[in-house]
Q: 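This is the structure I have questions about; it appears just below.
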Amino acid sequence: MTPADLTAAQFAKYRPLARQTALSNLPLLQKLPAALVPFLLQQTVSLDWKFPAERDELLLQLVYLQSLAPDQLHQEMAAFEQLHLSPQFAALDWVNSPEIFVEQFSAYLWSSGQMAAFRSASEQYLKDFRLAHPENDPPIPRLAMVFFGNGAPTSSYQPFRKLRREGTYFTALTSGTHLAPALELLKTRAAASPTPYAHWFIDGSNTLLNEPSVTSISYDHLAPIRSSLTAKIRAAFQSRSSPEVLRTELAEVSPADLGMSTDPHNELLNRFKVSLFTEGSGTQIYSTTFVQWTVREALRRARPITLVARFTPRRREASMQELLTNSGSTDFDPAGSLIDGDMGAWYTWINLQRLPGAKQSSFLACLEDSPHAVAVGPAFTRAAENHTPIALAELLKHLSAP
């Protein structure tokens with residue numbers, strides 16, 4: 001089957017918003033190349049449980065393609081049309097299972113030496129799209145804060161080695177629990193701008209914020225989900241299933257499969273939580289990996305304007321077989337988690353720079369319950385040090401100033 005053969009009946013299994021979007025754009029989809037349509041449908045089929053930011057992104061792309069005159073559309077799609085597809089892909093159900101098509105097609109592009117051409121076509125398409133529809137800056141400057149190092153012993157490891165180049169290194173934060181003022185600032189910003197999924201708290205332990213305008217995710221509170229999913233992975237591991245088969249099985253796992261609520265009001269966030277464990281590597285086992293991946297996905301998909309993340313000590317490393325069979329050590333590794341958190345803070349700052357309004361955004365990395373932190377943003381000098389005693393609450397005033 002080719003895109004030209006698409007009919008309205010083929011979208012009967014789609015959820016309401018996805019089906020409506022596919023049907024209203026059916027004439028457009030019928031004209032697009034076979035190398036692109038499954039990628040658009042991969043985004044469309046899950047449209048009902050996408051965050052507002054990523055939902056708007058897809059809809060705007062469809063608006064852009066609809067706006068092109070026939071000769072412009074032909075020119076925009078020419079590079080995709082030149083890609084050679086094996087006949088085997090025509091037999092796949094890329095309408096109802098586009099994610100399987102995309103996975104196999106990506107492998108085929110690599111094996112056939114066409115991945116570079118596909119990337120070039122995609123990059124040019126997105127560049128043209130962005131020229132027509134520039135990204136809007138957030139309503140207020142973004143702010144991200146990362147805390148790590150809880151329980152870590154004093155050692156020769158020096159955190160913030162990369163971040164110090166980007167902002168001001170503070171060495172004399174006054175004593176007290178640093179996380180508390182950060183959460184108060186999160187609540188204040190959420191109350192002032194109560195947009196859904198715009199304010200996040202991601203914790204590697206068991207802390208949840210019961211605030212209506214804050215999306216709060218805790219590693220420990222997701223333990224039942226992790227246990228159910230780990231059991232599935234363990235069974236596949238013991239049956240020696242191939243990685244490809246396991247990946248396909250994980251892609252089809254739903255919240256209900258893991259015993260989660262079927263309340264439609266919770267479906268979006270439940271789907272997100274499941275994806276953290278089915279798409280992330282090591283998120284099922286290590287809390288630090290979970291926090292880092294969750295922060296990455298939240299920034300990429302939801303594009304929040306406020307984010308607080310807290311890395312806590314993870315279990316010690318062991319072989320995959322020991323970890324999956326629960327026979328490995330359950331001791332915590334504060335020293336190793338300190339390094340994980342430091343790298344997680346660095347990656348969080350990098351991902352923050354990829355979002356609209358990056359030049360106006362602010363970022364804090366703080367060694368929890370210690371006098372050390374790095375602040376990055378318009379109010380702070382790059383590659384500078386500040387040795388004057390200051391409370392974190394006072395520092396946050398400068399960090400969040402308009």
Q: Met1 and Gln10: which non-hydrogen atoms are nearest, and at how many Å?
A: SD-NE2, 2.8 Å
Q: Evaluate side-chain contact (heavy atoms from CB on, under 4.5 Å) for Asn266 paired with Leu269, printing each intermediate quantity in order.
A: CA-CA 6 Å; Asn266 299 328; Leu269 194 56; 5.9 Å; no
Q: Can you find a pair of side-chain heavy atoms, one from Phe129 and one from Leu65, that are under 4.5 Å apart?
A: no
Q: Does any non-hydrogen side-chain atom of Gln104 lie less than 4.5 Å from one of Trp94?
A: no
Q: Could you list the donor-acceptor pairs under 3.5 angstrom formed between side-chain atoms of residues 23-39 and any protein atom two or more places apart in sequence or on another chain?
A:
unit_1: Ser24; atom_1: OG; unit_2: Gln20; atom_2: O; d: 3.0
unit_1: Ser24; atom_1: OG; unit_2: Thr21; atom_2: O; d: 3.0
unit_1: Asn25; atom_1: OD1; unit_2: Gln66; atom_2: NE2; d: 3.0
unit_1: Asn25; atom_1: ND2; unit_2: Thr21; atom_2: O; d: 2.8
unit_1: Gln30; atom_1: NE2; unit_2: Leu6; atom_2: O; d: 2.9

Q: With a 6.0 Å cut-off on ring centres, are Phe160 and Phe148 close enough?
A: yes
Q: Hey, is the main chain of Pro304 close enough, under 3.5 Å, to the side chain of Arg142 for a donor-acceptor pair?
A: yes
Q: Check whether any side-chain N or O of Gln284 sits under 3.5 Å from a backbone N or O of Phe277 as a donor-acceptor pair, and report yes or no.
A: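 Judged by distance alone, yes, a pair lies under 3.5 Å.
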Q: Between Asn351 and Thr348, is any side-chain donor less than 3.5 angstrom from a side-chain acceptor?
A: no
Q: Minimum heavy-atom separation for Ser67 and Tyr64, please, with both atom names.
A: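 Shortest heavy-atom contact: OG-O, 2.6 Å.
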Q: Does Tyr197 have Arg301 sitting over its ring (NZ/CZ under 6.0 Å from centre, angle to axis within 45°)?
A: no
Q: Going by heavy atoms in the side chains, are Tyr347 and Leu299 under 4.5 Å from each other?
A: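 Contact flag for Tyr347/Leu299 side chains = no.
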Q: Is there a side-chain contact between Leu209 and Lys187, using heavy atoms and a 4.5 Å cut-off?
A: yes
Q: For the residue pair Phe51 and Trp200, does the interplanar ring angle fall in the parallel (under 30°), tilted (30 to 60°) or perpendicular (over 60°) class?
A: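 Answer is perpendicular, since the angle exceeds 60°.
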Q: Would you give the length of the straight line joining atom CD of Glu267 to atom CG of Asp48, rounded to the nearest 0.5 angstrom?
A: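 Rounded to the nearest 0.5 Å, the CD-CG separation comes to 7.5 Å.
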Q: Within the side chain of His199, is there an N or O that forms a donor-acceptor pair under 3.5 Å with the backbone of Ser193?
A: yes
Q: Tell me if a side-chain donor or acceptor on Arg310 pairs with a main-chain N or O of Phe201 at a distance below 3.5 Å.
A: no
Q: Fit a plane to each ring of His84 and Tyr108, take the angle between them on a 0 to 90° scale, and name the class: parallel (under 30°), tilted (30 to 60°) or perpendicular (over 60°).
A: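 Rings of His84 and Tyr108: tilted, as their planes differ by 30° to 60°.
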Q: Answer yes or no: is there a side-chain heavy-atom contact under 4.5 Å between Cys366 and Leu173?
A: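 Yes, at least one pair of side-chain atoms sits under 4.5 Å.
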Q: Could you walk me through whether Glu184 and Leu396 pass the side-chain contact (heavy atoms from CB on, under 4.5 Å) check?
A: CA-CA 10 Å; Glu184 287 303 314; Leu396 292 179; over 6 Å; no
Q: Looking at every heavy atom in both Met115 and Ser106, which two are closest together, and how far apart are they?
A: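 Minimum heavy-atom contact is CE-O, 3.6 Å.
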Q: Specify the closest pair of heavy atoms between Ala375 and Leu395, including all atoms of both residues, with the distance to one decimal.
A: CB-CD1, 4.4 Å
Q: Just by distance, do the side chain of Ser370 and the backbone of His372 share a donor-acceptor pair under 3.5 Å?
A: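 Checked: pair present.
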Q: NZ/Lys273 to NE2/His221 distance, rounded to the nearest 0.5 angstrom?
A: 9.5 Å
Q: What's the spacing between Thr188 OG1 and Leu183 CG if we round to 0.5 Å?
A: 10.5 Å
Q: Working note: Ser122 + Phe80, criterion side-chain contact (heavy atoms from CB on, under 4.5 Å); need CA distance, chi angles, decisive distance, verdict.
A: CA-CA 8 Å; Ser122 301; Phe80 290 105; 3.8 Å; yes
Q: Is the backbone N or O of Leu276 less than 3.5 Å from a side-chain atom of Thr283, with the two atoms forming a donor-acceptor pair by type?
A: yes
Q: Could you measure the distance from the CZ atom of Phe363 to the CG atom of Leu399? Nearest 0.5 Å is fine.
A: 9.5 Å
Q: For residues Leu143 and Ser400, report the shortest heavy-atom separation together with the two atoms involved.
A: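 Heavy-atom minimum between the residues: CD2-CB, 4.2 Å.
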Q: Will you find, in the side chains of Tyr157 and Asp342, an N or O donor that is under 3.5 Å from an N or O acceptor?
A: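 Side chains of Tyr157 and Asp342: pair found under 3.5 Å.
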Q: Is a side-chain N or O of Asp203 found less than 3.5 angstrom from the main chain of Ser218, in a donor-acceptor match?
A: no
Q: If you count heavy atoms of other groups shown closer than 6.0 angstrom to NZ of Lys162, is the number above 12?
A: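 Open: at most 12 neighbouring heavy atoms sit under 6.0 Å from NZ of Lys162.
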Q: Given side-chain contact (heavy atoms from CB on, under 4.5 Å), test Asn386 with Thr381 step by step and report yes or no.
A: CA-CA 10 Å; Asn386 188 315; Thr381 305; over 6 Å; no
Q: Short question: side chain of Asp128, backbone of Tyr125 - any donor-acceptor pair under 3.5 Å?
A: no
Q: Within the 4.5 Å heavy-atom criterion, are Asp137 and Pro356 side-chain neighbours or not?
A: yes
Q: Please examine the side chains of Glu394 and Thr174, heavy atoms only from C-beta on, and report whether any two atoms are closer than 4.5 Å.
A: no
Q: Can you tell me if Ser213 uses its side chain to pair, donor with acceptor, with the backbone of Ala191 under 3.5 Å?
A: no
Q: Phe147 and Leu392: which non-hydrogen atoms are nearest, and at how many Å?
A: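 Answer, listing the atom of Phe147 first, then Leu392: CE2-CD2, 4.0 Å.
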Q: Is it the case that Asp257 and Ser254 place a side-chain donor and acceptor less than 3.5 Å from each other?
A: yes
Q: Between CD of Gln114 and CG of Leu83, what distance do you get to the nearest 0.5 Å?
A: 5.5 Å
Q: Do Leu186 and Glu211 touch side chain to side chain, with heavy atoms closer than 4.5 Å?
A: no
Q: In sequence, state the C-alpha distance, the side-chain angles, and the governing distance for Glu57 and Arg130, and then conclude on salt bridge (Lys or Arg N to Asp or Glu O under 4.0 Å).
A: CA-CA 11 Å; Glu57 176 85 359; Arg130 281 300 169 209; 2.5 Å; yes
Q: Any donor-acceptor pair under 3.5 Å linking the side chain of His133 with the backbone of Gln61?
A: no
Q: Could you grab the distance from atom CZ of Arg314 to atom OH of Tyr219, nearest 0.5 Å is fine?
A: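 Between Arg314 CZ and Tyr219 OH, I get 11.0 Å after rounding to 0.5 Å.
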